[in-house]
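The analysis underlying the following values was restricted to heavy atoms, covering all of them including side chains, and did not include hydrogens, waters or symmetry mates. Numbers restart at 1 for each chain; the letters A, B, ... are given by sequence-line order, proteins then strands.
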Amino acid sequence: MKIATWNINGVKARIDTVLDWLKSESPDIACFQEIKSVDENFPREPFEDLGYNVATHGQKGFNGVALLSKRPFDEVLTRLPGDENDEQARYIEGVMSTESGVVRVGCLYLPNGNPVESEKFPYKLAWMERLHAHARQRLDLEEAFLLVGDYNVIPDPIDAKSPERWVGDALFRPESRRAFRALANLGFTEAVRSVNDDAGVFTFWDYQAGAWQKDEGIRIDHILMSPQAADRFESCGIDRFVRGWEKPSDHVPVWVRLAA
DNA sequence: ATGTCAGCGCCCCGCTGA
C-alpha cells in the first residue's frame, strides 16, 4: 500500500492540481496539510468520486489537515493531545484495517516557528514536545504507525541546498533539529534517509527569488515509520515533478510503499 | 539585491502567515 503526504497550500486554490496528482499516483492514503479551509467548506465530493473516504480537521484561513483513505476509517482522532487551549488545526490521525493488519497514520502540520524571537518559536518547541509524548504512547501500541507531514524542520545541513542561509531560522535551529532527532530516536525509521543519503533531496522550494529554478530547496516533509511499519517498507519517493506543474504548491508529495 | 502566493476583511487593496 502507498501512503503519501503533501502540504497543498490551500485546497481551494489547489483542487485541480491535487486531483490530477491523485489520479496519476493513486495513493491508498493521502495526508494533506495547509488545507486552509473549514470542515464545512472542504470539497469532499471530488475526492469521494475518486474512491476516497475523507476526514478533515480545518480552521478558518490558515493551517488545517486532511486524511484521505481508500479503505474506510476504523477510527479518526483530531487535535494533538496535551494542550486543551491550542486552537490551531495541525493534527489528524486515522486507523485503517488492511489484509496485513491495522495501519495507523498521523498527519501533522508542525508549526513554522518564525520569527524565533516571537512567541511562535516556543509554541513550535512545545508542540514538538506534545508530539513526542503522543508518539511515545502510540509506539507502545506496537502497530504499523506512520507519522507523516510537514515537519518544518531541516534535519541536517545536507537537507538544504544552501544550509548557511538557514542558520538562525526556526526550521534549522538546533532546538528544532534536536527535537526532531529525539522524536525519531524513540524508535522510528525516517523513510527517505533509510535508503538515500544523497544531497539535493528536497521537498520544498520557496515561491520567491526563483528558488525552484535555482533548485534552492530544503527537505522538511518527512515520513517516520514505527518498527512494525518499517518492517513492511518497500520503497519511498518524492514527487518532485509536481513542483514544475501549473499553479504548484511550494511543497511536493512524499510517499512510502509498504507491503500489502 | 530583488523576485511569491493564498486567504481574509472589505471594498477592488492592504494585511497576515508562510
Side-chain angles (χ1 to χ4, degrees), chain A residues 5-21 31-44 46-47 56-66 80 86-92 107-128 131 148-155 159-173 175-177 179-180 202-222 239-254:
Chain A
T5 175
W6 189 10
N7 179 323
I8 61 174
N9 190 17
V11 71
K12 206 180 302 172
R14 211 70 59 215
I15 184 74
D16 293 335
T17 312
V18 172
L19 291 170
D20 285 348
W21 172 78
C31 303
F32 296 142
Q33 301 87 40
E34 279 207 273
I35 62 173
K36 296 187 178 180
S37 167
V38 292
D39 297 331
E40 309 82 77
N41 294 343
F42 189 89
R44 306 173 65 91
F47 297 112
T56 64
H57 180 220
Q59 70 179 94
K60 198 171 176 181
F62 310 103
N63 305 327
V65 284
L80 188 64
D86 186 0
E87 300 295 333
Q88 300 193 30
R90 295 180 174 277
Y91 189 79
I92 187 168
C107 167
L108 65 97
Y109 177 43
L110 210 143
N112 177 294
N114 282 304
V116 289
E117 59 281 358
S118 73
E119 74 294 340
K120 292 179 179 179
F121 190 53
Y123 173 70
K124 174 179 194 155
L125 297 179
W127 205 95
M128 294 185 87
L131 182 63
V148 314
D150 178 359
Y151 278 78
N152 269 313
V153 175
I154 303 167
D159 298 310
K161 174 74 171 288
S162 305
E164 69 282 359
R165 293 189 189 191
W166 296 92
V167 172
D169 191 285
L171 277 60
F172 196 51
R173 279 281 294 242
E175 298 93 325
S176 310
R177 296 172 54 196
F180 180 75
F202 306 132
T203 65
F204 169 92
W205 297 258
D206 203 286
Y207 287 122
Q208 297 187 67
W212 168 243
Q213 288 73 17
K214 293 190 285 196
D215 197 24
E216 273 291 345
I218 52 176
R219 196 175 69 90
I220 56 175
D221 300 87
H222 308 299
D239 289 344
R240 186 187 162 101
F241 58 90
V242 175
R243 189 63 176 79
W245 285 2
E246 290 275 305
K247 254 179 93 71
S249 168
D250 38 7
H251 296 250
V252 297
V254 182

Using the P atom as the reference point in each nucleotide, state the distance between B:dC10 and B:dT16 in Å, no decimals.
14 Å
If only atom types and distance count, is the side chain of A:Asp159 paired as donor or acceptor with the main-chain N or O of A:Ile154 below 3.5 Å?
no
Across the strands shown, which category fits A:Ala13 at heavy-atom distances under 4.0 angstrom: base, sugar-phosphate, nothing?
sugar-phosphate
Interatomic distance at P, B:dT2 relative to B:dA6, whole Å
23 Å
Salt bridge between A:Arg240 and A:Asp215, side-chain N to carboxylate O under 4.0 Å?
yes
Geometric class of the A:Tyr151/A:His222 ring pair [parallel <30°, tilted 30-60°, perpendicular >60°]
tilted
Give one of base, sugar-phosphate or nothing for A:Arg90, where a contact means two heavy atoms less than 4.0 Å apart.
sugar-phosphate
Chain A reaches DNA chain B, atoms under 4.0 Å from its heavy atoms, from B:dG3 to B:dA18
If you assign each of A:Ala209 and A:Lys247 to its closest nucleotide in DNA chain B, which residue comes earlier from the 5' end?
A:Ala209
Are any of the side-chain nitrogens in A:Lys214 or A:Glu216 under 4.0 Å away from the carboxylate oxygens of its partner?
no
Are A:Trp21 and A:Trp245 near enough that their ring centres are under 6.0 Å apart?
no
Rounded C1' spacing from B:dC12 to B:dC8 in Å
14 Å
Base, sugar-phosphate or nothing for A:Lys214? Non-hydrogen atoms, less than 4.0 Å.
base
Would you indicate whether A:Gln213, at its atom CD, is surrounded by more than 12 heavy atoms from other residues, nucleotides or ligands within a distance under 6.0 Å?
yes
If you assign each of A:Asp150 and A:Ser37 to its closest nucleotide in DNA chain B, which residue comes earlier from the 5' end?
A:Ser37
Scan A:Phe204 against the nucleic acid and name what it touches under 4.0 Å (heavy atoms): base, sugar-phosphate only, or nothing.
nothing
